[in-house]
There are 2 protein chains.
Amino acid sequence: MISQATEDYIKIIYKMKGNGTVTTNSIAKALNVTSASVTNMLKRLAEMRLLKYTSYKGVKLTKAGEKIALEVIRHHRLIELYLSEIMGYTWDEVHDEAERLEHHISEQFEEKIFNMLGSPEFDPHGAPIPSKNGDIPKNEISPLTDCAPGDYVRIERVSDADPEMLRYLSEIGLVLMVEIKILSKEPFNGPLTVNVGGTERMIWDEVAKNIYVAPVLSNDKVEA
Amino acid sequence: MISQATEDYIKIIYKMKGNGTVTTNSIAKALNVTSASVTNMLKRLAEMRLLKYTSYKGVKLTKAGEKIALEVIRHHRLIELYLSEIMGYTWDEVHDEAERLEHHISEQFEEKIFNMLGSPEFDPHGAPIPSKNGDIPKNEISPLTDCAPGDYVRIERVSDADPEMLRYLSEIGLVLMVEIKILSKEPFNGPLTVNVGGTERMIWDEVAKNIYVAPVLSNDKVEA
DNA sequence: ATTAATTTTTAGGCAAGGCTAAAAAATAAT
DNA sequence: ATTATTTTTTAGCCTTGCCTAAAAATTAAT
Ligand SMILES: [Mn+2]
Ligand SMILES: [Mn+2]
Ligand SMILES: [Mn+2]
Ligand SMILES: [Mn+2]
């Protein structure tokens, strides 16, 4: 059996591979353990052939490691969606529960909830759910911070890192699939003003960073 | 946080307290570990004030220990019922899944499934679900092996220990709430013959041991 | 009352996964 | 090119839970 700690290391390494080299320190920070602990674990994971580890140089998952990462992420996102769709959790409550359960459900459980949810492709925060064989549903999204005045976009994904932020976002109506129009944007990472369901809102960098959007095709637009 | 191992020890000790003194060996057998491991753990549990441990003499849970036991058992049985009622598991599939999940769900999760299930009192095998404050729903049941010819009884509980046995029982129609009439019983733990839904069945000791029944009041009887 | 058998505890080890403090390597600054 | 800073690794230690083998205590049989 593969341990919870192992799964958490592998998962975080997988998630960090986007932003350049995955270093000892970055893993330590993400998992809230010391770098010494990370070095120790990386050696063991390399021993298990779940990743390739070059001292001082960083780390890269093997095929086997990536498979485990995708499996855990699939569990996590399916559970999040299940909690929210079937059990009535709010989107700020699902992450912590999923973070534990992802390591302890059976394949049968995974399959059952996958079917109950109608073969879903995205979790409650818009994150793609890897398929059983590791394919990741694609959708074209970009950071809200990249938008320009005049853009008309739909919220397609939010970061699930901070429950407080999620509560704030739903409070001000910034939930998935909501369409917003960018009214203005100040330079130097300054605040945006947007129109959300008829209300004008200011969204500053700290908040905007959490939101990803896709353009609304002009023929779908409903002028606000 | 209290570890999974701790919870499993406490739970098994609680369950064994019915049959006389709980000994090192009996715990070892039940948990499939060596007696040396048990001695070691008992010392730690005593240190944590979860039980009173007298060398060579056996063990008894404290109030704190009992509270943990009841909490874990409540989780286990609620999860079993949830899996069977809401997710379509069969009664032979629920135990293993519950055995892991019981240690990892939150109080919120517990509450949600409790409500979804309509404040249930018994699990899919007829075992009572301890209430939030530790009360255990009572029902008057006795072993099927204690029945005498002529008795008319209802199946109120089955042992969930062996999935194979559970599959066999449902195969021959011996599921919860089914009413059966005892036709004959051989001495020396010999087989019983019973009438189940019009069919005559032989139930020998190994099988009968798993079944607990309550008498059906004569005015409720439906002659078979 | 001894002796034999059984149960339980001790002693000593091991693997996983953490930690701190010190050493070494890599990077950045002068 | 040195020197200073940051990153990473080593070394040594700890706790949890498990193990085996040997010793001690208890219980059962003669
Ligand atoms: Mn996790
Ligand atoms: Mn999510
Ligand atoms: Mn368990
Ligand atoms: Mn049960």
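Reminder, nothing fancy here: chain letters follow the sequence lines and each chain counts from 1.
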Ring centroid separation B:His95 to B:His76 under 6.0 Å: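 Between B:His76 and B:His95, which both carry aromatic rings, the centre distance is below 6.0 Å.
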
Rounded to the Å, how far apart are [X] [atom1] and [N] [atom2]?
X	N	atom1	atom2	value
A:Leu31	C:dC19	CG	C1'	15 Å
A:Glu47	C:dA16	CD	P	10 Å
B:Gln4	D:dT16	CD	C1'	13 Å
B:Leu42	D:dC18	CG	P	12 Å
A:Ile10	C:dA16	CD1	P	14 Å
B:Met41	D:dT15	CE	P	15 Å
B:Leu45	C:dT9	CG	P	13 Å

Can you check nucleotides 10-15 of chain C for protein contacts, nitrogen or oxygen pairs under 3.5 Å, and list what you find?
from   : atom 1 : to      : atom 2 : distance (Å)
C:dT10 : OP2    : B:Lys43 : NZ     : 2.9

### Query
Between B:Glu97 and A:Ser106, is there a donor-acceptor pair closer than 3.5 Å when you use the side chain of the first and the backbone of the second?
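Yes: the side chain of B:Glu97 pairs with the backbone of A:Ser106.
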
Taking all atoms of both residues into account, what is the closest heavy-atom pair of [X] and [Y], and its distance?
X	Y	value
A:Pro215	A:Val153	CA-CG1, 4.1 Å
B:Leu70	B:Gly134	CD1-O, 3.8 Å
B:Cys147	B:Val213	SG-CG2, 3.7 Å

Distance under 6.0 Å and angle within 45° of the ring axis: does [X] meet both against [Y]?
X	Y	value
B:Lys112	A:Tyr89	yes
A:Arg74	A:Phe114	yes
B:Lys11	B:Tyr9	no

CD1 (A:Ile27) and OG (A:Ser37) are apart, to the nearest 0.5 Å, by 12.0 Å

| said: Counting only side-chain heavy atoms from C-beta out, which of D:dG17, C:dG17, C:dT27 sits nearest to B:Arg44? | reply: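 Taking heavy atoms from C-beta onward, the closest nucleotide is D:dG17.
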
Nucleotides 3-7 of chain C: which of its N/O atoms have a protein N/O under 3.5 Å away?
none

**Item:** N or O in side chain of B:Ser3 less than 4.0 angstrom from D:dG17 OP1/OP2
**Value:** yes

### Query
Does OP1 or OP2 of C:dA16 have a side-chain N or O of A:Tyr9 closer than 4.0 Å?
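For C:dA16, OP1/OP2 do not have a side-chain N/O of A:Tyr9 under 4.0 Å.
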
